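What you see is a predicted model, and the numbers here were worked out from it, not measured in a lab. Sequential numbering from 1 along the given sequence is applied to the chain's residues.
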Amino acid sequence: MLIAISNTPRDYAWGSPTLIADLEGREPTGAPEAEVWFGDHPGSPAEVHDGSARTLDAWLPAVAAEQGVPAKLPYLLKLLAAGAPLSIQVHPSKEQAVEGFAREERAGVPRDAGERNYKDDNHKPEVIVALSDTFTALAGLRDLERTRALVSALGDAPAVEALRAHLAGDDPLRSAIGWLLGQAEQAEIEEIVDAAASAEAPEFGAELALTRSLHAAYPADPGIVVALLMNLVELRRGEAIFVPAGVLHAYVAGLGVEIMAASDNVLRGGLTPKHIDVTELLTLVDFRPAEPPFLRPVATGENAEVFAPGIADFALGRFGVGAAGTMELRGVAIALGVTGETVLTGASGRSITVLPGQAALVTPDESPLAADGGGEAFVAMPGA
């Protein structure tokens, strides 16, 4: 079974007014369009176009036994269009989510409360693949020596010296981030941001330019300084990063296809007016410096590849542009067109055409899935 599904963009303030509209080939609405969700998440379930007038969260349980699909998807597929930086954030591991959710349930914290950290008991690893020519992100903590070199270029203001002292001590990144988010005075944050905005260091030109743009979006937010400790990543179209539990990250600008485990668990670490639980954040973050977490695809089938981070929740396949391709599915899938016209044909011989921004649900019995027509499409499915 191949069935068209659709959804409308979510108008978060950080969304782009043009990127999703341009992809879909329509006039912008004038409002920010941040994300389009293709899945059964109750926050914004996709509509199923089979005449039933049901959304996917109701459709799956109703047909699960007959169609061999789960009553709930393990993943959520999105188009994400960042016109302004998202908050710096981290997601818990499965074990941390189970414990944190149970703890807040026992404490009676309402699930919709602004101070609630754990909305469910699941982890939220995620992959994003760039669709725009470039996609800017912050992902993971930079090599410590390079971070110290960057901070050394910020001069000798007292707050800069305080940051430098944290980076020279025991467990330096934990110490620095804990101080920035929980103990530093507003005047100290402003002093560091001003120093970074006026600094000249060719080796870190992109990082310092980002400081200036973040300051324009979130004046004197402590997250601006946290961002100075993180890897700045410029993805080119078709490149991806995988963000597992514990990795600080923020998407800054661009259009991408994102897939994640079905969870709402987000703990924020700056660039936001929302609640920041510094104590809980520090228990989740992996403070080990590391290179940016690039994820390279593996060829599978004809003219097809899969971004597979090696987790059970999801993998993300891609049919390339301009040639016929085939792909083995790992369960119930969602195919999303992003370029041209893609004709998808299942094992039953049934076909459906997806244009950019259009999606289809594909049941497991339609594997292998074939693509033709010269377009490009991504395919969300369970992982290995």
Side-chain angles (χ1 to χ4, degrees), residues 39-43 70-78 86-128 137-141 170-171 173-175 177-178 181-182 226 229-231 240-251 258-270 272 274-295 307-316 330-331 380-384:
D40 62 340
H41 193 288
K72 183 172 177 57
L73 293 176
Y75 58 79
L76 175 61
L77 180 68
K78 296 181 180 181
L86 283 68
S87 62
I88 295 173
Q89 54 193 253
V90 70
H91 307 305
S93 68
K94 177 64 175 176
E95 294 75 15
Q96 289 166 333
V98 169
E99 189 279 326
F101 179 74
R103 173 167 23 100
E104 291 187 328
E105 289 288 280
R106 289 193 301 269
V109 182
R111 294 188 190 180
D112 60 353
E115 70 275 15
R116 176 95 186 203
N117 292 319
Y118 299 95
K119 305 296 177 65
D120 54 65
D121 63 357
N122 201 14
H123 63 169
K124 192 186 176 188
E126 57 194 41
V127 167
I128 193 157
L138 295 160
L141 294 166
D170 295 333
D171 205 355
L173 291 167
R174 182 190 299 271
S175 175
I177 291 173
L181 295 178
V226 175
L229 313 180
M230 299 170 66
N231 293 306
I241 53 173
F242 168 51
V243 181
V247 173
L248 273 181
H249 61 285
Y251 301 140
E258 184 182 29
I259 187 168
M260 62 188 64
S263 172
D264 268 344
N265 286 328
V266 176
L267 280 90
R268 295 173 177 84
T272 180
K274 294 182 179 180
H275 174 67
I276 297 178
D277 185 333
V278 178
T279 301
E280 192 70 14
L281 179 86
L282 296 178
T283 68
L284 301 188
V285 173
D286 184 346
F287 289 100
R288 294 172 296 179
E291 293 297 310
F294 293 107
L295 179 65
F307 295 89
I311 59 176
D313 306 79
F314 63 78
L316 185 63
R330 299 173 178 172
M381 56 185 148

(message) Ignoring hydrogens, what is the shortest heavy-atom contact between V247 and A139? Give both atom names and the distance.
(response) CG1-C, 4.4 Å
(message) Under a 3.5 Å threshold, yes or no: a donor from one side chain and an acceptor from the other, between Y75 and E126?
(response) no
(message) Donor-acceptor pair, distance only, cut-off 3.5 Å: does the side chain of D120 make one with the backbone of D264?
(response) yes
(message) Check this for me: does any side-chain nitrogen of one of E105 and R116 sit under 4.0 Å from a carboxylate oxygen of the other?
(response) yes
Using residues 287-294 as the side-chain source, report each donor-acceptor pair under 3.5 Å to any protein atom, sequence neighbours left out, with the distance given to one decimal.
unit_1	atom_1	unit_2	atom_2	d
R288	NE	D286	OD1	2.9
R288	NE	D286	OD2	3.2
R288	NH2	D286	OD2	2.7

(message) Quick one about E95 and H123 (side-chain donor to acceptor, distance below 3.5 Å, no hydrogens or angles considered), yes or no?
(response) no
(request) List in chain and number order the residues that pass ring-ring contact (aromatic ring centres under 6.0 Å, His included) with Y251, two or more places apart in sequence or in another chain; answer none if no residue qualifies. (result) F135, H249
(message) Ignoring hydrogens, what is the shortest heavy-atom contact between G270 and I276? Give both atom names and the distance.
(response) N-CD1, 3.5 Å
(message) So, using side chain to side chain contact (heavy atoms under 4.5 Å, CB included) as the criterion, who are the partners of S87 when residues are at least two apart?
(response) Q89, R268, T272
(request) Determine the minimum heavy-atom distance between I259 and A380, stating which atoms define it. (result) CD1-CB, 3.5 Å
(message) Do the side chains of E104 and K119 get close enough for a salt bridge, i.e. N-O under 4.0 angstrom?
(response) no
(message) Can a side-chain donor-acceptor contact be found between N265 and N122 if the only test is distance below 3.5 angstrom?
(response) no
